[in-house]
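These notes concern the structure reproduced below.
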Amino acid sequence: MGYSGLDELIGNSRSREKFIENLKGENFEFDAALACKQFPSITLGCFPTVELYDGPACYSQITESLVPQILGGSIPSHIDANWVDPKCLYQNLQSIYSEMSNMNAPYILEEKVDQCFIHSQSPDWKMETRNALQLTADKPCSNAGSVTQQTATSVAEILDKHINCLTGLTKRQLSQLENCGFHTLRKLLHHFPRTYVDLQNAEMEIDDGQYLIFVGKIMSSRAIRASSSFSFLEVVVACEVADADPNPECTPNKLEERQKRTIYLHLKKFFRGTRFTCSPFLRSIQEKHREGDIVCVSGKVRTMRGKDHFEMREYNIDVLKGEDDSCVYPKGRPYPIYPSKKGLNPEFLRDIISRSLKILPVELDPLPKDVTQDICLPSLSDAYIGIHQPANLNEADLARRRLIFDEFFYLQLGRLFQMLEGLGTKVEKDGLLKRYTKPELNTIFMEEWSSITKTFMKVLPYTLTSSQLRATSEIIWDLKRPVPMNRLLQGDVGCGKTVVAFLACMEVIGSGYQAAFMVPTELLAFQHYEHLLGLLEKIEATNEKPSVALLTGSTPSKQAQLIRKGLQTGDISMVIGTHTLIAEKVEFSALRIAVVDEQHRFGVVQRGRFNSKLYFNSITSQLVSTSSNNSAKNDVAMAPHVLAMSATPIPRSLALALYGDMSLTQITDLPPGRTPVKTYIIEGNEAGFERAYQMMLEDLEAGGKVYLVYPVIEQSEQLPQLRAASADLETISTKFSGYKCGLLHGRMRSDEKEEALRMFRSGETNILLSTQVIEIGVDIPDASMMVVMNAERFGMAQLHQLRGRVGRGERKSKCILLASTSSSLKRLKVLEKSSDGFYLANMDLVLRGPGDLLGKKQSGHLPEFPVARLEVDGNILQDAHHAALKVLETSHDLEKFPDLKAELSMRQPLCPLGD
Ligand SMILES: Nc1ncnc2c1ncn2[C@@H]1O[C@H](COP(=O)(O)OP(=O)(O)OP(=O)(O)O)[C@@H](O)[C@H]1O
């Protein structure tokens, strides 16, 4: 399939050993960071961009057009231009998967065992589904008053029916479904598609390094034994792709008029070890993929030497249709891809979900109608249909929003309901709800801060911004409550989160407890430690100076032992360190706050470990023991308060915000005097490099400090286009001979890294060649310029974080992003225009397309919101919170909302942190 030998097949001309070594870790730094930070960017053919963030206006527009379409069966004339007319899709599906498109009309499934029957005459399959639903629809709904319970079929009555209510299932199928956990209709309907695919691969721009999704036909599957301990599997998939419209701004070309070409994807898997080279193993992996099967493949594409040949090494492959399958999916609709379930045939799964949808009544919604109408969300049954069988991606997204809303709403409702139950009188309950409606009341004014905190404030070389002050007050309010805080402090890069966290630590130390500050890298731990010591030095009163220690993996063992002892006895009031802090052997005398910086680098479980470091309320540390000898002894074991800090909100961290009561604090402004970093996107050709070097020279001559950021440490033959930090040291040193260069990367020893950073900070070096180790938290306020090599290799959020390393002081700063592929310039241009982290996170998703609409789960053990991507769905969380408050204000005990109450009890409460 276009290879001249094994070397080419595995991607380069290096020796196999070197390659394997490479697999083991040479590029680890690059890949791990990317994997951590990025959602896969999947582009979905010719579907229009789904406007995810347009707020209520967008929903109402969509709803306006959606509802008549669903209920009236015709597409309204005022339909938004963004809407995809299903008829225009699929019309030109060609040769390699023509069998998937040879039916003209959508289908209606009949309940026949194991078979899908198609009614090609059905003009509107959803209309028919609806009509079918109407037959079973029950009570009419009412909509009076501000928040009222409509009368609906109890959700539990329908959704929690056993799946044997679906007629025609064989015993074997029933037990198969049960084995997979699909006991009820709810379980089935909550098995959401992982993504949707456009069967036409239309308008596919193939950009090296991008995650893409394709539909194609398996041409070959070969498992080859290359040596006694090395084998590989190569599956070749041919996909027909329609090129992008050359003139989208003029009269758009119809899909069928565009040029098509066939591309070949080479999916590769490598196996090392003698047991993977035996014939039975090779045969079994080879036979897993059958020639002729139509498959959906997603993964990161890499260009190969041969034209139209691309490689994928980490990929997902789903069989859409075997050659002998008879079922056809309706034309023009996004094709749902479900997460696999214990070998359940995907076709059967789709069929069975489709049957479940058919028996859903229209009036199923336990949510009061005015709640959903207020925020323009579809009804529950529309949402189920929309998520499983959307007419287009807008409809899927609307459905997704409704389902996300439910997740948030019931969580909020449950939590508030529980809190109200714990209170006695109506006045108390109203008081609590009022506090939540007006969060600004939840602050502690500075006068009430402890004296250490106030002293610390005084030694700061700047005044806190109003947002920092508000954040500190909110956190201190939490710290004074007997309930463990679980708060996320979110703010854009460089906004000054660290000092807010330091103040929170001072507050607990001031009341006799200990603080732990956990950061993801040793470099950062060292930086924070030095920074804090520098500030504490300025405190004159020695009795107010807390003892602070630094504990990381590189702390010499004797010293580490002493620090642990100090923490255990309470002699040390605060410790800054890496994940070593959560090791079992680190015991605290009275840990009251754990600050977790850039928490997405830590797993939820790791973070949760702080919860087991209980303290007793009566314990007092050395610091105040003299002044508070007689403190009340009240031996209550408490988990410490947890303050997570992040510049990029991610699903988990925001999910955590739900557990603490409204515990999300945002810093919304930047310290005064900052000017936005001027960003330049330059193509990384010879002229581009020269321009960048010239700008560097000008900056250095003006006394600036420059970061050069590289995607990899060492040059690799596999990826020769990548510039490498180590390899470039000599070139840059020669080029800028009047200036000193330093090197910083993840493979250096901890003390070497600290030294490199120290030299750059002090000005002993003027240029720092670094990998993305500097991405998080590195704070050198007078660094004035950054140049990122092969910028296309970094995600947008990552580039935003990197860029945040400059412009942290009053000096005007620049950032140059050198892109080595012209196709990535468009994506990077967004960074030129905006410096708003939230906006960029959103744009990232929009640009990459909504392919992974339903979310890629992070690993970990926290129960997930099945469909939410909280980094972009935060506004729905807010809506859900208000809706829950509104409902409870109307009825504290939910007696007026029996269906809601029933539904609330049906939903499993999410378990607390780390469980
Ligand atoms: N109110 C303020 N006025 C002036 N400078 C400030 C203020 N608050 C913080 N700074 C300075 O701003 C710089 C950035 O602060 P800090 O490192 O806390 O940011 P951050 O929010 O943690 O950023 P990142 O997410 O990039 O780590 C530091 O040099 C800090 O000393």
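Since we're looking at a predicted model, the values are computed, not measured. Start at 1 and go down the list; that is how both ligands and their atoms are numbered.
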Does the side chain of Met457 reach to within under 4.5 Å of the side chain of Met506, using non-hydrogen atoms? no
Is there a side-chain contact between Lys458 and Ile539 in this structure, where contact means two heavy atoms from C-beta onward sitting under 4.5 Å apart? no
When you compare ligand 1 with [X], is there at least one nitrogen or oxygen pair between them that comes in under 3.5 angstrom?
X      : answer
Arg674 : yes
Cys495 : yes
Gly494 : yes
Arg805 : yes
Pro671 : no

Is Leu460 close enough to touch ligand 1? Criterion: a residue heavy atom under 4.0 Å from a ligand atom. no
Taking the non-hydrogen atoms of Pro781, is any one of them nearer than 4.0 angstrom to ligand 1? yes
Can you name the side-chain hydrogen bond (donor to acceptor under 3.5 Å, both in side chains) partners of Thr765, sequence neighbours left out? none
Non-neighbouring partners of Arg723 that pass side-chain hydrogen bond (donor to acceptor under 3.5 Å, both in side chains), sequence neighbours left out: Tyr693, Asp728
For ligand 1, is any non-hydrogen atom under 4.0 Å from [X]'s backbone (N, CA, C, O), its side chain (CB onward), both, or neither?
X      : result
Gln801 : neither
Asp597 : neither
Val493 : both

Of Gln468, Lys497, His800, the one whose closest heavy atom lies nearest atom 1 (N) of ligand 1 is Gln468
At less than 4.0 angstrom from any non-hydrogen atom of Thr498, what atoms of ligand 1 do you find? 16 (P), 17 (O), 18 (O), 22 (O)
For ligand 1, which atoms sit closer than 4.0 Å to a heavy atom of Thr465? 1 (N)
Counting only heavy atoms not in Glu701, do more than 12 fall under 6.0 Å of its CD? yes
Heavy-atom closest pair, residues Leu535 and Val459: O-CG2, 3.5 Å
What class does the angle between the rings of Tyr707 and Phe760 fall in, given that below 30° is parallel, 30 to 60° is tilted and above 60° is perpendicular? tilted
Would you mind telling me which of Arg803, Lys829, Lys814, His800 makes a side-chain hydrogen bond (donor to acceptor under 3.5 Å, both in side chains) with Thr679? Arg803
First locate atom CD1 of Ile476, then atom NE2 of His641, and finally report the distance between them rounded to the nearest 0.5 Å. 11.0 Å
